[in-house]
Structures are given as C-alpha cells and as structure tokens.
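Below is one structure, written out as structure tokens, with a few remarks after it.
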Amino acid sequence: MTGATGFIGGALARALLAQGHELVCAVREPARLQLPGDGWSALACDLAAVPGDAFWQPHLAGIDAVINAVGILREARGQTFEALHARAPIALFEAAARAGVPTVLQVSALGADEGAESRYHRSKKQADDCLRSLPVAGAVVQPSAVYGPGSDAAAMFNFMSALPLLAMPQAGRMLMQPVHVEDVVAGLLALLAAPPKPVATVAFVGPRALTMAGYLRELRVARGNRWPLPVLWMPTFAFMTAARVAGLIPGSVLDAETAGMLLRGNAAPVDDFQRLLGRAPRSVAEFLLPPVPAASQSSASPVP
C-alpha cells in the first residue's frame with residue numbers, strides 16, 4: 001500500500017489492520033508512519049524518484065493486493081503531479097501485473113476524465129487509464145471532496161462555513177458532492193473483498209449534488225451554527241487572483257489549480273457507490289455523527 005501517511009490512506013490502513021490484514025506500507029519517511037498493532041511493516045520508498053520494476057518485483061512476492069492512495073493537492077520541491085500521480089503509480093501497477101498480483105485499487109479523484117483541465121486531474125487520469133488496461137481485478141475509485149478529521153480541505157471548508165459572510169464566484173453555485181472519509185474507506189474495503197474484473201471505475205460521492213454554498217450552509221448547521229450564511233457574488237477574476245496569492249503561502253490548499261477545480265464542479269451519480277456500500281452514503285447533516293456500524297454494510301453488492 002502506498003499513501004498510508006496521508007488522510008485517506010491512513011484511514012484505510014487502520015481499517016485494514018482492524019480487519020486482520022497484513023500491510024506493507026511503501027512510504028517516503030517510515031518514521032512518520034503511526035499505525036496500531038504489529039500487523040504492518042514499512043518499506044522505505046520515495047515515489048517522487050519513480051521506482052521501477054527492479055525495485056518493486058522483490059517486494060511484490062506473496063502480495064494479494066496493491067492499493068495506491070498517494071495524492072498531493074499542490075506540487076512542492078521534488079514532489080510533482082507527473083511523478084507522484086502518473087509515472088510512479090503506472091510503474092507500480094505494471095510491476096504488480098507482471099508479478100501476478102491479482103487485485104489493484106487506485107484512489108483517484110472525481111474529474112480525472114476526458115474533460116480534465118488541471119494538471120492534478122490529468123496526471124491522475126494517466127494512472128487510471130493504465131490500470132484499466134491491465135489484466136487484473138480492481139477499481140479506479142474517484143471520490144468527490146472528502147470530509148473527515150485530519151483533512152486540510154475539510155479544515156478549510158469548516159473555516160469557511162463558520163464565517164459570518166462569504167463572497168464567492170458564481171455566488172457559490174458550483175456543484176460538488178462531498179463524501180465522508182468513513183464511507184470512502186467502507187467502499188474500498190468492499191472492493192477489496194470482491195474486486196471487479198475488468199477494472200471498474202466508481203465515483204465515490206455523497207447522496208446528492210449540492211452547490212458549494214449549499215454544502216457550506218449544511219456543514220454550518222451540522223456543526224451547530226444556526227445563523228444564516230449569506231454568500232455574495234464575486235467576479236471570477238477576483239477569485240482567481242486571490243487564489244494565486246494564496247498559492248504563495250506555504251501549506252495553503254488554495255491556489256490557481258485548486259481554484260480551477262472548484263469552479264469546474266464535482267458531482268456524479270451515486271448509484272454504483274450506494275450499491276457497493278449496501279446503503280446510502282452519509283449526508284452532510286450526518287458528517288459529525290458516530291461511525292456507521294459495520295453490520296449495516298453486510299448487504300453490500302459488488303459493482304458490475
């Protein structure tokens with residue numbers, strides 16, 4: 001598994017260990033890996049250097065599944081979309097297929113499609129396309145905006161939802177379909193238990209599409225704030241200018257690329273995901289409720 005030190009990858013790693021799986025976590029900095037129990041090991045691996053077949057083959061012997069959960073929202077020194085989202089996963093997927101690994105799961109992103117404009121989405125799509133072409137079982141998982149503790153994006157939306165007033169392009173009418181991280185993990189576990197072949201593509205989304213303003217208002221209420229949230233219209237050029245300035249701040253999740261992705265919108269039919277879970281995914285109103293009991297997932301159906 002790659003990406004175990006990340007937001008989605010870390011949540012998935014903990015869930016896999018709770019189910020009794022043994023994990024080999026390929027990470028750049030093994031010291032950062034904080035997982036419970038002793039059913040895991042760390043493999044020092046810098047994906048930015050794009051390890052090739054000679055590196056992967058010895059480590060793929062006896063592996064039942066490969067899960068790629070690596071993703072970056074912004075490039076940094078030595079960390080590029082091209083390397084981390086495309087070339088390194090492609091090398092891993094091809095090595096897994098040659099090694100006879102039967103199942104491969106790729107955590108991609110909603111919007112990594114033919115209409116992709118951002119380098120983030122285009123690089124994700126390269127790895128998605130590679131996996132779909134290989135003779136393995138598995139899935140390309142494409143989540144919308146993922147909410148949960150530890151997410152920088154969720155922290156940004158929490159902050160925005162708490163403001164007394166917002167100004168946004170299109171007055172916040174861009175569509176999105178936020179999904180809770182626990183539902184994302186539940187869907188990945190279901191795919192791992194019954195991997196489709198050929199490789200399926202599944203949108204991991206919330207139960208319905210919302211405008212961004214609507215999402216922030218529902219999140220505001222879910223977090224206990226009943227005061228209205230006025231959203232004013234902002235010229236798109238002003239928003240993009242602010243995003244470029246924010247991009248100069250280290251650690252900011254907003255820059256020109258992420259701003260462009262927000263403007264494009266992010267929604268898809270929920271049917272396949274709901275069938276996979278065997279229930280409806282959490283609504284925004286339920287984002288802060290306790291975890292869904294595992295027993296409620298027993299009726300999950302495989303994705304065709």
Side-chain angles (χ1 to χ4, degrees), residues 1-45 47 51 55-71 88-89 92-93 95-108 127 131 134 136-143 146 148-151 179-197 199-200 202 204 273 276-279 281 291-303:
M1 178 180 179
T2 66
T5 57
F7 168 51
I8 294 175
L12 177 59
R14 290 187 291 274
L16 288 167
L17 290 171
Q19 285 193 344
H21 294 280
E22 294 183 18
L23 282 183
V24 178
C25 301
V27 292
R28 183 166 55 114
E29 300 177 46
R32 288 183 53 209
L33 196 56
Q34 302 293 324
L35 294 174
D38 56 4
W40 59 275
S41 60
L43 169 64
C45 171
L47 292 185
F55 173 84
W56 288 119
Q57 287 302 326
H59 301 295
L60 290 170
I63 294 295
D64 298 311
V66 164
I67 304 170
N68 178 51
V70 165
L92 172 57
F93 298 161
R98 280 191 287 270
V101 176
T103 301
V104 181
L105 299 182
Q106 152 81 337
V107 181
S108 182
L131 179 55
L134 297 175
V136 296
V140 172
V141 168
Q142 297 187 327
V146 182
S151 163
V179 60
H180 198 279
V181 66
E182 288 169 1
D183 287 340
V184 171
V185 168
L188 286 164
L189 293 177
L191 286 167
L192 192 63
K197 189 172 183 178
V199 171
V202 189
F204 276 30
F273 188 41
L276 183 66
L277 293 177
R279 57 173 173 80
V292 177
S296 70
Q297 300 169 22
S298 59
S299 59
S301 302
V303 173

Listed once per pair and sorted, the side-chain hydrogen bond (donor to acceptor under 3.5 Å, both in side chains) pairs that draw on residues 2-24, sequence neighbours left out: T2-N68, Q19-H21
Chi angles and distances behind the side chain to side chain contact (heavy atoms under 4.5 Å, CB included) call for V66, V136: CA-CA 11 Å; V66 164; V136 296; over 6 Å; no
Minimum heavy-atom distance H180-G148, with the two atoms named: NE2-CA, 4.5 Å
Smallest separation among heavy atoms of L60 and A99, with atom names: CB-CB, 3.9 Å
Considering all heavy atoms, the nearest V70-G3 contact: CG2-N, 3.5 Å
F204 side, atom CZ; L277 side, atom CG - distance, nearest 0.5 Å: 7.0 Å
Non-neighbouring partners of P30 that pass side-chain contact (heavy atoms from CB on, under 4.5 Å), sequence neighbours left out: V27, A42, A44
Side-chain touch W56/C45, heavy atoms, less than 4.5 angstrom: yes
Atom of I8, atom of L188 and distance for their closest heavy-atom approach: CG2-CD1, 4.4 Å
Heavy-atom side-chain proximity of L23 to L17 below 4.5 angstrom: yes
Side chain to side chain, D183 and F273, heavy atoms closer than 4.5 Å: yes
Non-hydrogen atoms of L276 and G187 that approach each other most closely: CD2-O, 3.5 Å
L131 side chain near S108 side chain, heavy-atom distance below 4.5 Å: no
Side-chain heavy atoms of V24 within contact of H59, under 4.5 Å: no
Listed partners of R98 passing salt bridge (charged side-chain N to carboxylate O under 4.0 Å, His left out), at least two apart: D53
Validation row: L105, V141 side chains within 4.5 angstrom (heavy atoms): no
Partners meeting side-chain contact (heavy atoms from CB on, under 4.5 Å) with P195 (sequence neighbours left out): T103, A137
Side chain to side chain contact (heavy atoms under 4.5 Å, CB included) between V104 and V199, worked out: CA-CA 8 Å; V104 181; V199 171; over 6 Å; no
Side-chain heavy-atom pair M1, L16 within 4.5 angstrom cut-off: yes
With F7 via side-chain contact (heavy atoms from CB on, under 4.5 Å) - residues at least two apart: V146, S151, V181
